[in-house]
Amino acid sequence: MQAAASQSNAASNAASNGVHDFGCLGPQAILYLAGAGVFWLTAALFLTLTASLQLFAPGFMEGCPWLHFGHVRPAAQAAFIYGFASQAGLAFVLWLFSCEGKTAVKAAGPVLLGTFLWNLGVTYGVTKIACCGGTGFQWLEFPLGASRLMLIGYLFVAVPALMTHRARTVWATAPSQWFALAALFAFPWLFITANWLLLAEPVRGVVQVSTNAWFVAGLSNLWLAPLALSVVLHGAGSVSNLNRGMLAFAFWVLVAVGAWTGLLPGAPVPAWLSSLSGAFAVALVIPAVFIVAAVLPAFAGGRIALFGAGGFGFVAVKSFAWYAFLSAAVSFPAVNSVLGFTPFMDAIQVSLLFGLAGMALLGALYRVLPDILDAPLPKPGWVTLHFLLSGAGLALWIGALLVAGVARGMELNDVSKPFLDAMATGRPFLVLALAGCALFTAGFALFGFNFALQLWSLRTRCNCAEWLAAGESSKPSAAGGRS
Amino acid sequence: MNQGPFIFLGCFAAMALSWFGMVLAPQLQLGGALPVRLEETNALYPSARPGLAQRGAEVYREQGCNQCHSQQVRQESVAFGTRLNGMKEDGDANAVVAALLHFKLAPDEKSAAQMIAKAPVTVEQNIAVERASFLAAKLSDAGANAAVTFTNLGPDLSRGWGSRFSAAQDYLYDATVLTGDRRHGPDLANIGARQPGHFAASWKFASTNGVDELRAWHFKHLADPRSVSPGSTMPSYKWLFEEKGGKLRPKTDAEALVAYLMSLRQDVSLPNAPLPAPPQPPVVATNAPAQ
């Protein structure tokens, strides 16, 4: 009774202070998802730095079987996609559905359980990759046991998110919610089907190749991209009226073509399949153009401070355009025969993962964390520094990989050049790419320190541990918080 | 767009379509594929790998070799040509010389006669298939044994990574198909079939270069890549070896991995991925009884 009364008081206090009420355990659910995401991004960046270094310094960690390139690269990708992007994305979706729908987070307790199971699965999966247990399938390196844990964990998070959306008090939905809903629907289909057909009851021969390509394309364009675009659209939509017609068209085109785009020319599959996939990859440019056209006006005129948290969305949407155009380019056989298998493909992947998903979701955390913790960032100036470091790092990283890819691809196509000489061509640019990755990591370190200081400042104002454990009833006072 | 179920149904339809196209359709087309019987040897292709090589495929996956090595040879185009294989038994050499001159396949009579003497010889290459067929027909009419030839083209093939593009049939018995997505090292689809002296064992090649020496090269390459490939960025796999009597000895996993690597070969002509036929040797008259 006492707890219920205090919750009611907290809700009324929140309402009177103009602070959104996330309900019992709602802030905790979002915080744990976001915090776990931040942890896994730390791990992913460490592994990515290691893999980038090993590309030109093979002696690094050479005696350590767990940290050699064949394990580090898939572990880094898995840690980023499943550890960071998925969890930070789900944290944002919960926050978005709660804020846009003006309702509390429903069934937040199961979300906490789901977060635990998801992280258990990711930890098990990354450990298995490091210990020679990877499956060999791109972006699906986790063994079946890890995937099962993650799937159960996902259901514990996604169903409450849908319940929250259904309980909304504002009927009209924003474009950011469309993309979030599409991502929530697409992920279980992709994840269950891929695990079933590649690991549980594997299909034969090159059907594995097309199934894996379908999964990678779907995960890119129907999970990671919609989550990130949801963040961007929410940020842009909060300061200007977005063109809903354009965005609705872009949304449906993205949903329609997204999972078709994974196969490249020359893959050992029926020619009609790679041709069809290439055509859909070109069609991916359509939603990119429409989304950029709809969103960029919001960034004009200084309504969103580019050199701040809003700038992350700007870089993210530009990265999405880059990703779509580069993916379309390599789907042409003449281009693919030169650039396929080279660091050019890494540039496309970095544009998607770190450019679109990474920047958008980090920008989202700058918006979400002060909101749920009800406390401002201790070092707001660091946000600009983070943005500058990350933006410069990304530009250097992607640019260097593009140049390395073109240089290496041209040398490899010149068959008079010995293979090892051709591989040495792009090496200086791989060093620059590592520098770009390091800058991105340095920017993220500022975010991490800011987040840690924010938690620490809460601890000095109230019994933070009690709040984390007990829920909304012991929410810290709004003193010094957002109004 | 305010209805969640509407978005759900739209996504469901889009996902279903892509699943039909990218997963179900390839499964219907290729899921029931069987090994093909080769005309020349009457053997089945592909055949299952021996046990040690099968374990090697698992080691390949476990060690993440596919993160750096692809196993798919790409082919850009096919160049056609016409080859003069020799004279028919009742062929008129003068008529063939005249045909070679008429179609500007030889600059003068002497060169044309030398061509016939040196047969099999390619008289023209890198031409359209129609022209190649036309020339072969005209030379045959004149009394020569002529045939259309083709050459598979592409940088992968020129580097010696294969003789044709990788086809779906090549992966039929792979438990996990590891085609790879990057090439920080060379393509390995044909590592077991490459001429060892030219591509795999540059440290030593002679006509004596045998399987045991090739295996020894692979072991040395795995244990210390830069000792045999200076400048290589491949990491050492020393944990696949153990030291005995002051020497590195391969563990079972290293033995299996090398067995797997040496089993990788896509050097069989398939109906949809043919290999260029080697030139027919000239018919030498013998006194052997006719078959």
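Keep in mind it's a predicted model, so treat the numbers as computed, not measured. Each chain gets a letter, A, B and so on, in the order the sequences are listed, and its residues count up from 1.
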Note: Arg61(B) and Thr135(A) closest approach over all heavy atoms is CD-O, 3.0 Å
Which pair of heavy atoms, one from Ser158(B) and one from Val415(A), lies closest together, and at what distance? CB-CG1, 3.4 Å
When rounded to the nearest 0.5 angstrom, what distance separates CZ in Arg73(A) from CG in Asp181(B)? 4.5 Å
Shortest non-hydrogen contact between Arg159(B) and Ala422(A), atoms and distance: NH2-CB, 4.3 Å
Please name the residue in the list Leu197(A), Val203(A), Asn212(A) that meets the side-chain contact (heavy atoms from CB on, under 4.5 Å) test with Val23(B). Leu197(A)
Would you check if there is a donor-acceptor pair between the side chains of Gln67(B) and Glu141(A) at a distance under 3.5 Å? yes
If one checks every heavy atom of Ala13(B) against chain A at 4.5 Å, the contacting part turns out to be neither
Pick from Met22(B), Lys238(B), Met234(B) with the largest number of heavy-atom pairs that fall under 4.5 Å of chain A: Met22(B)
What closest approach, in Å, do Val177(B) and Gly205(A) show between heavy atoms, and which atom pair accounts for it? CG2-O, 3.2 Å
May I ask you to check whether over 12 heavy atoms, not counting those of Met246(A), lie within 6.0 Å of atom CE? yes
Got Leu30(B) and Pro270(A) here, is their nearest side-chain heavy-atom distance under 4.5 Å? yes
Is Thr233(B) in contact with chain A via its backbone, its side chain, both, or neither, using a 4.5 Å heavy-atom distance? both
Which atoms form the tightest heavy-atom contact between Phe341(A) and Gly180(B), and what is the distance? CE2-O, 3.8 Å
Leu222(A) versus Met15(B): any side-chain heavy-atom pair under 4.5 Å? yes
Under a 4.5 Å cutoff for heavy-atom pairs, which residue among Ala259(A), Ala186(A), Pro202(A), Pro268(A) has the most contacts with chain B? Pro268(A)
What's the shortest heavy-atom distance between Ser18(B) and Trp214(A), and which atoms? OG-NE1, 3.0 Å
Aromatic rings His68(A) and Trp239(B): how do their planes relate, parallel, tilted or perpendicular, breaks at 30° and 60°? tilted
Using non-hydrogen atoms only, which part of Phe165(B) is less than 4.5 Å away from chain A: side chain, backbone, both, or neither? neither
